[in-house]
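Scroll down for the structure; my scribbles are underneath it.
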Amino acid sequence: MTTETFEFQVEARQLLKLMIHSVYSNKDVFLRELVSNASDALDKLRLSALRGDVPDADVSDLHIELEVDKDARTLTVRDNGIGMSYDEVTRLIGTIANSGTAKFLQELREAQDGAGADGLIGQFGVGFYSGFMVADEVTLVTRHAGEAEGTRWTSKGEGTYTLERIDGLPQGTAVTLHLKPADAENQLHDYTSAWKIKEIVKRYSDFITWPVRLLPEPGEDGDGAKAREAETLNSMKALWARPRDEVSDDEYHELYKHIGHDWRDPLETIRLQAEGTFEYQALLFVPSHAPHDLFTQGYRRGVQLYVKRVFIMDDCEELLPPYLRFVKGVVDAQDLSLNVSREILQQDRHIRMIQRRLTKKVLSTVKDLRTSAPERYATFWREFGAVLKEGLVTDSENRDAILAACSFASTRDADEPTSLKDYVERMKEGQDDIYYMTGESRAAIENSPHMEAFRAKGVEVLLLTDAVDEVWVDAVGEYEGKTLRSVAKGEIDLSGTEDDKSEAEKEKQGEEYAGLLGWMSEHLGEDVKEVRLSHRLTVSPACVVSDAGELTPALENMYRAMGQEVPSAKRILELNPEHQLVKTLNRAWTDRQDRTELTETAELLHALAVLAEGGRPKEPARFVQLMADRLERTL
């Protein structure tokens, strides 16, 4: 047969150079690309056979073979799929593709980092050229199913290639790589090593439909030689593609442990299958324990992304929002725009479509756990509740669904959390607000002076102890028309109960204490915004509260910890007019002309209110001195 030599088109030479030097950051992916191309060829043959296009094609044992020759340093990837005709080889291999190549090259040049092109798979036929990263010469022999004549294509990647028509070839395609010497410094491994081949296939091609077989190395000649069978390297068990009743829970759990690097079983398994114009399958897992680094900046989040069962990337962050970063699993799409960088992937409308659907599915599953499996829901909330609530701040689109999946500790029950829906249903007649308080712990909140009136009147209060609670309550604002209101902010009106004072009584009491309040406001003016009578205290003499629109001290500290400077806002000191200390202070202020000691008492009263909410006095040393002097006088 005649051998002809051709030159690559200009664009093909440019792409070939990029492929060898800068497109892929990990050279191992060449085998993924070649196995993927082989898998596509097998799919095409099966489809053609079903249509009757190639009636004589052999589809009895469709498979992919890998053959290594250590002496010759070659690796061959062979399939018995559809194959290519001479014209197809000329058109697809010699020119890479007959459309889109120039645009592809331009996008590659504009990419900031060549590593982003690791998402390439099967687009424009460029996967075939990845072989030149690891080989000095590539030979392709192929015969299209139903044709008698085959084709051999050979190139050293230096600008030319040869084509030859040959007879006697088996159906399918074989790509032989004449491998470069191993070079550890350049991440060029020894691809004649069986363990390395197994590792790559297991990582990238474990779930493809067809068996990937590693042929045994040539044995010694002679009667004592034993012929070994080919070893199948991939499991072909894409659990997400099999019907639910054909997969056991143990199989799901084993897959989770493999991809989640966890020795424990998952808390919940979530399956999702989308059909129509854009098809994909997802198998997600909710872990039973939060990893220790869940809240650290370097935490690797996201699920594994496959395209047609071929592994593309770990930790694909675009498939789930950050507040669901604890979810592990697999998403397998039939078609995605993976031909450029991952930055383009983030903007892909199909990726956004998948993210929306997966997010809604995870949230609905968590919500259903509350009623269907309360114990598992309790475990979920203990481990991941604080993370999920981040979505109330960042994901306004799904805010209602997130709230429906959330639960909160409350004063109603020490052990049983409540949903906002249940809270609203239990609200007292005439109650217009959903009351909450934030703090470091349940005990600290329950013992806060701010809670006294609510406890006395039996009004339920949500007890929020996570750092994110300081933020999301302001972001959400209301639920079903009921305002979320902090018991430690602004004026509190718990009117409507039997023991409430009349407006006339309140007005009379205000007049009685007006002088004291004005004097204390003036004396403590550097530390407080205002001194007023309290309607939230029943036991404690005083408390400090923030104005309705101001940041709480905890939120101020949080912003400062993030490097954001916020001005400290003066707070309001509230006095309990029914407390004996406050009554005595008011009488003393009215009767005495020398108020030196009363000035110290006012300072102590303010410092005690600050301590009661878990803060610290402005001048701790002065506070200690004043307390010591007062204690001494009582002895």
Side-chain angles (χ1 to χ4, degrees), residues 385 389 392-393 396 399-414 416-439 442 444-503 506 529-530 532-540 543-555 569 571-576 612-613:
K389 285 186 286 188
L392 296 173
V393 182
S396 57
R399 186 170 289 164
D400 290 342
I402 299 171
L403 280 175
C406 288
S407 63
F408 310 96
S410 85
T411 54
R412 176 178 176 271
D413 193 306
E416 190 72 22
T418 183
S419 65
L420 289 184
K421 182 175 182 295
D422 293 339
Y423 179 101
V424 170
E425 291 176 352
R426 291 192 300 267
M427 285 173 59
K428 289 180 173 292
E429 185 177 351
Q431 180 181 341
D432 296 324
D433 300 323
I434 299 172
Y435 293 109
Y436 71 89
M437 185 172 178
T438 59
R442 182 186 184 107
I445 297 175
E446 288 181 327
N447 292 321
S448 170
H450 302 99
M451 297 289 294
E452 293 173 1
F454 294 88
R455 187 184 304 112
K457 298 183 179 183
V459 178
E460 184 176 359
V461 179
L462 301 179
L463 310 177
L464 309 179
T465 56
D466 292 320
V468 69
D469 293 329
E470 295 280 357
V471 184
W472 76 258
V473 286
D474 288 331
V476 174
E478 65 173 32
Y479 176 77
E480 292 188 357
K482 307 292 184 180
T483 301
L484 288 163
R485 182 148 189 195
S486 171
V487 303
K489 276 187 173 184
E491 292 272 13
I492 294 295
D493 181 13
L494 293 178
S495 59
T497 56
E498 294 179 0
D499 58 343
D500 273 348
K501 291 184 175 64
S502 66
E503 289 301 321
K506 291 179 181 178
K529 183 177 183 180
E530 177 189 356
R532 68 190 182 197
L533 295 184
S534 176
H535 304 295
R536 74 185 89 214
L537 296 176
T538 60
V539 178
S540 300
C543 69
V544 286
V545 300
S546 299
D547 224 345
E550 293 179 349
L551 301 179
T552 62
L555 197 54
R571 306 184 68 202
I572 299 168
L573 177 64
E574 289 191 350
L575 304 182
N576 179 4
E613 70 162 6

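Atom set for the values below is all heavy atoms of this structure, side chains included, hydrogens, waters and symmetry mates excluded. Values in this document were obtained by computation on a predicted structure and should not be read as measured data.
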Is a side-chain donor-acceptor pair under 3.5 Å present for Glu470 with Thr438?
yes
Is there a donor-acceptor pair under 3.5 Å between the side chain of Thr411 and the backbone N or O of Val461?
yes
Considering all heavy atoms, the nearest Asp413-Arg442 contact:
O-NH2, 3.3 Å
Are the side chain of Arg399 and the backbone of Ala475 linked by a donor-acceptor contact shorter than 3.5 Å?
yes
Between Lys482 and Asp433, does any side-chain N to carboxylate O distance fall below 4.0 Å?
no
Taking Asp469 for its side chain and Thr465 for its backbone only, find out whether a donor-acceptor pair lies under 3.5 Å.
yes
Distance col, row Asp466:CG vs Phe408:CZ, nearest 0.5 angstrom, shows 10.0 Å
Keeping the roles fixed (side chain from Asn447, backbone from Ala444), state whether a donor-acceptor pair exists under 3.5 Å.
no
Taking salt bridge (Lys or Arg N to Asp or Glu O under 4.0 Å) as the criterion, tell me which of Arg571, Lys489, Arg532, Lys529 meets it with Asp547.
Lys529
Just checking, any donor-acceptor pair under 3.5 angstrom between side chains of Glu452 and Ser540?
yes
Distance, nearest 0.5 Å, that separates CE of Met427 from OH of Tyr435
8.0 Å
Rounded to the nearest 0.5 Å, what separates atom SG in Cys543 from atom CZ in Arg536?
5.5 Å
Polar side chain donor-acceptor pair, Ser410 to Glu460, under 3.5 angstrom:
yes
Calculate, to the nearest 0.5 Å, the distance between atoms CG and CG belonging to Leu420 and Leu462 respectively.
6.5 Å
Nearest 0.5 angstrom please: Ser419 OG to Leu403 CG, how far?
10.0 Å
What are the two closest non-hydrogen atoms of Ile445 and Leu464, and how far apart are they?
CD1-O, 3.7 Å
Using modelled atom types and a 3.5 Å cut-off, is there a donor and acceptor pairing between side-chain atoms of Glu574 and backbone atoms of Val544?
no
Could you measure the distance from the CZ atom of Arg412 to the CZ atom of Arg426? Nearest 0.5 Å is fine.
4.0 Å
Using a distance-only test with no angle check, is there a side-chain donor-acceptor pair under 3.5 angstrom linking Arg455 and Thr538?
no
Considering only heavy atoms from C-beta outward, does the side chain of Arg485 approach that of Ile434 to under 4.5 Å?
no
Centroid separation Trp472 to Tyr436 less than 6.0 Å
no
With a 3.5 Å distance limit and no angle check, can you tell me whether Ser448 reaches the backbone of Met451 through a side-chain donor-acceptor pair?
no
How close do Lys428 and Lys457 get, counting heavy atoms only, and between which atoms?
CE-O, 3.2 Å
